[in-house]
Structures are given as C-alpha cells and as structure tokens.
Amino acid sequence: MKTESIQQYDPIINDAIKKELHRQENGLEMIPSENFVSPAVLEALGSVVTNKYAEGYPGKRYYGGCEHIDTIEQLAIDRAKQIFGAEHVNVQPLSGAPANIAAYFAVLKPGDTILGMDLSHGGHLTHGHPVTHMTQVFQFKRYKTNTKGEIDIENLREMALAHKPKLILVGYSAYSREIAYEKIQAIADEVGAITMADIAHIAGLIAGGEMNNPVPIFDIITTTTHKTLRGPRGGMIMCKEKFAKYIDKSVFPGLQGGPHENNIAAKAIAFKEALEPKFKDYAKQIKANAKALEKVFHANDYTLCFGGTDNHLLLIDVTSKGLTGKDAEEALDKAGITVNKNMIPDDPRSPFNPSGIRLGTPALTTRGMKEKEMEIIAQYINEAITYHKNEERLHEIREAVRLLTKKFPLYTSL
Ligand code: DSN
C-alpha cells in the first residue's frame, strides 16, 4: 500500500488544500451556513472508518465486521437524542437535501401537497422550488412573510384550510426571526397535517438553548450538521417514535446506500462538543455578534429584511446603496470578506443578480471574535459597499482584514 502523504503523492491537490486553508485563515468567513470544525472532527473525517460498508442500522447490518461501526453510530444517535430531546434519530442522511427528500418519502405519496415557505422569503430550494425534482412528485404551495417580516400565520392558516396539505414545513435558509412552532402545530392539527421543521441553519442555536426547539413539538425535524452545529458536512433526521420506522426505511434502503460512517464518527464528536457547557456560550455569542452587526447596519441606514435578526444571520437589501447583491458580493470578496448574494422577499431581480446579500456570524464566532470585532467588520462591509468601484480602497480593507484575522488564528496545528 502507498504510504506517501498528499504532499508527496499529489502535490497539485496538496497545493490547493494548503491554499484553501490560507484563504480560510486570512479572510472573514461570513456565509451564514459555513463554520470551522474542530481538529478532532477533521481527524474522524480522515480516519479509516471511511473504508467500511455498513448498510443497515446498529445491530441490524447487511455486512459483517460492523461491531465498531455500531459503537460509533449508536453514540452519535444517543448524543443527538440528548442534545435535542428527540425520541428517534437517524444520523445517516448524507446532507440536508437528501434528509428532506427522505423525510417527504417517509410520510407522503406522490401527488400529496406540502405547504412550505417561498424561497425569496427565506425558504430553501428543497422546500418546493420549481427547479427541484421534488416538484415533479409533490404539489408545493408557498406561504410568505408579512410586511413586518413575520411569518404570516393568518395567511398560512388560510392556505392550510384551502389546500389541505399532508405536510406543513417550516425552517429556513435566509429568514432571521424566531419561529412560533406551537401556532403552526395548532394549524396542522386543525387540518390533519404532519409537521416538519428543517432546522439546518439554527440547529446549533437550538442545541445551545438560544432558539425555540421544535423537536418536542413537531413530528419530523431535519437538519444539516455542518452549520451552526459545527460538525462535519452531513445531515440528520429526528422524529417522533411513531414515524421512526418510516424514516429509517426511507433513508435506507429507500434513498441511500452505505452510510458514510467516517462522517457519522465526526458527527458523534461534534455532538459531544455541543453537549459541553461552553457550547451554550458559543451559541449565545453567535446571536450577540449578529445583533452587533445589526446595530451598525441600522445606524448606517441599511434596509434589513425582516426588520433585523433574532438568530445568526442578516439579509440586507443593498439596492438603496446603489449596487446589486452580486456587486456587493464581488466587492466584499475583493476586501477579503466572504458573503453570498441572495434574493430578498418578492425580489424583482434575478437569483444570479439579486437585490440582497446574506451574511452571518457562526464562523467568526468560532474564531473567538466578539461584539468589538463585529463593529469593526460592519464598518469594513459598509466601506466596501460604499466604495465598491474603488479597487485601491478595497485592497486597503483587505489588508486590514488580514491583520484582524491574524489575531484570531485557526487550525494552528495544521
Ligand atoms: N446551501 C445552504 C445555505 O447556504 O443556506 C442551504 O442548503
């Protein structure tokens, strides 16, 4: 067997990995769905566990030699149950989109109706955007937020009564406010719908006790493990016991083959980290940092969608500043600040050149940055947006960003 390191065996890939590490270390990562995992999580991802096939579930596998894999997967399940108070957990979904697809097929039949949030109001592609395959299978109806930026509960109820959905779906990718799960559950009870929450973005905030937890209320909860939860790239489904066998059968053999047990080992480690008392401080700081950004943007007359933030992210309409979301993303990239262009509610522009940018604080908070740094960074963002055509100014901000990142080192052992 070859024993060379990546550096010895494949210098081109090695060089790209090193450059990616350098990019992560020297820039400000503000895409709200991104984060930095711990060295222990990285170690599990690169472990020999990747070699093993393990179709099935702990104690019920279709392959021999799964005794250690069972230890790993069962621990991941038990820790997730403890974090969220879940009755049943499946840690095998490869990521958020397959988790959602598996959840739909677990409880619905082709042609059934799903009531989910409109993408431009903060929903997700897999919640019924016309470009996704699922819209060929299920009928999606889309609710929206009201002018105050709240989920329009009255309209949601009217739509539920009119369309009689089999599933009511909440949980968002660009929405920055709390979710009233009890009110939505009451509507679902009225029309006999199953409830599903996709908590991918806010799972870490829920784990840290900083946002409402839908797990004890809703029927099915899907999530990714790599956003605020700060684990490896992957997915997970939690549900009430009565849906357990349908969820498990839907994930495997319904949708997926062999689970990626190296990711599951890394999930188990991330869940151990999320159970530590200091994870609560982390979740609290993510929110405090987002509030600190909000304050500076308000003071500089930015239009914050939904009126501001209760979580880790901000959706900002930048058109009143004389540029588009794409222009802003590009200018900020040049300044060493990574955000993503994003649609705003009922955006008159296209997804490739929308009106907004979406940014968040989980990754910067992992680096140890606090309110003081957020105030400085919000000023850098404001400057980059104001002087987006001035390359020299953007270069100066990039240098200031680089000096700031030096004070918050990442992965010193790599
Ligand atoms: N791509 C993720 C995000 O950025 O929100 C959601 O799937």
Side-chain angles (χ1 to χ4, degrees), residues 23-24 27-37 93-104 114 116-135 140 142 145 169-177 179 196-207 211 220-237 255-256 263 267 270 286-287 290 293 305-306 309-316 325-326 328-329 332-333 337-345 347 351-352 354-366:
R23 187 195 70 79
Q24 291 183 15
L28 293 172
E29 183 50 75
M30 298 190 76
I31 292 176
S33 47
E34 294 192 12
N35 212 331
F36 301 116
V37 299
L94 302 178
S95 205
N100 286 345
I101 293 167
Y104 298 155
I114 300 173
M117 168 95 99
D118 189 276
L119 180 72
S120 79
H121 285 245
H124 188 252
L125 274 176
T126 58
H127 299 180
H129 193 277
V131 297
T132 62
H133 294 326
M134 287 308 106
T135 57
F140 286 88
R142 324 288 292 280
T145 54
L169 180 52
V170 306
Y172 315 108
S173 302
Y175 185 61
S176 50
R177 294 301 192 185
I179 303 169
M196 173 172 156
D198 174 347
I199 60 166
H201 264 261
I202 56 173
L205 297 176
I206 295 169
M211 289 197 82
I220 299 170
I221 288 85
T222 59
T223 187
T224 51
T225 47
H226 50 269
K227 298 187 176 91
T228 48
L229 198 49
R230 211 168 58 184
R233 197 157 288 282
M236 173 163 83
I237 305 178
L255 182 68
Q256 295 184 178
N263 275 68
K267 285 174 191 173
I286 288 177
K287 279 179 65 171
L293 292 174
C305 300
F306 318 117
T309 183
D310 294 327
N311 60 18
H312 61 302
L313 69 81
L314 289 151
L315 183 60
I316 307 176
K326 183 165 177 274
E329 181 192 288
L332 288 164
D333 250 339
I337 302 171
T338 312
V339 306
N340 69 277
K341 57 181 175 291
N342 213 96
M343 301 280 272
I344 59 164
D347 202 326
F352 296 107
S355 302
I357 53 171
R358 186 186 67 149
L359 51 88
T361 56
L364 297 186
T365 309
T366 296

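For ligands, and for the atoms within them, numbers begin at 1 and follow the listed sequence.
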Which residues pass the side-chain contact (heavy atoms from CB on, under 4.5 Å) test with Leu255, sequence neighbours left out? Pro98, Ile101, Ala102
Numbered atoms and elements of ligand 1 in range of Ser33, under 4.0 angstrom, heavy atoms: 3 (C), 4 (O), 5 (O)
Parallel, tilted or perpendicular, judged at 30° and 60°: which one describes the rings of Phe140 and Tyr104? perpendicular
In ligand 1, the atoms that come under 4.0 Å of a heavy atom of Arg358 are 3 (C), 4 (O), 5 (O)
Under a 4.0 Å heavy-atom limit, does Glu34 contact ligand 1 with its side chain, its backbone, both, or neither? neither
For a quick check under 3.5 Å, do Asp198 and His127 share a side-chain donor-acceptor pair by atom type? yes
Could you check atom 2 (C) of ligand 1 against the protein and tell me its nearest heavy-atom contact, residue, atom and distance included? Lys227 CE, 3.9 Å
Find all atoms of ligand 1 within a distance of less than 4.0 Å from any non-hydrogen atom belonging to His124, and give their numbers and elements. 6 (C), 7 (O)
Determine if the distance from atom 4 (O) of ligand 1 to the closest protein heavy atom is below 4.0 Å. yes
Which residue in the set Leu169, Thr132, Thr222, Ile237 passes side-chain contact (heavy atoms from CB on, under 4.5 Å) when paired with Asn100? Thr222
With a 3.5 Å distance limit and no angle check, can you tell me whether Gln256 reaches the backbone of Leu94 through a side-chain donor-acceptor pair? yes
Counting each atom of ligand 1 from 1 as listed, which ones have a heavy atom of His201 under 4.0 Å away? 3 (C), 5 (O)
For Pro232, give me all partners under side-chain contact (heavy atoms from CB on, under 4.5 Å), at least two apart in sequence or on another chain. Val41, Leu45, Thr225, Asn263, Ala266, Lys267, Ala270
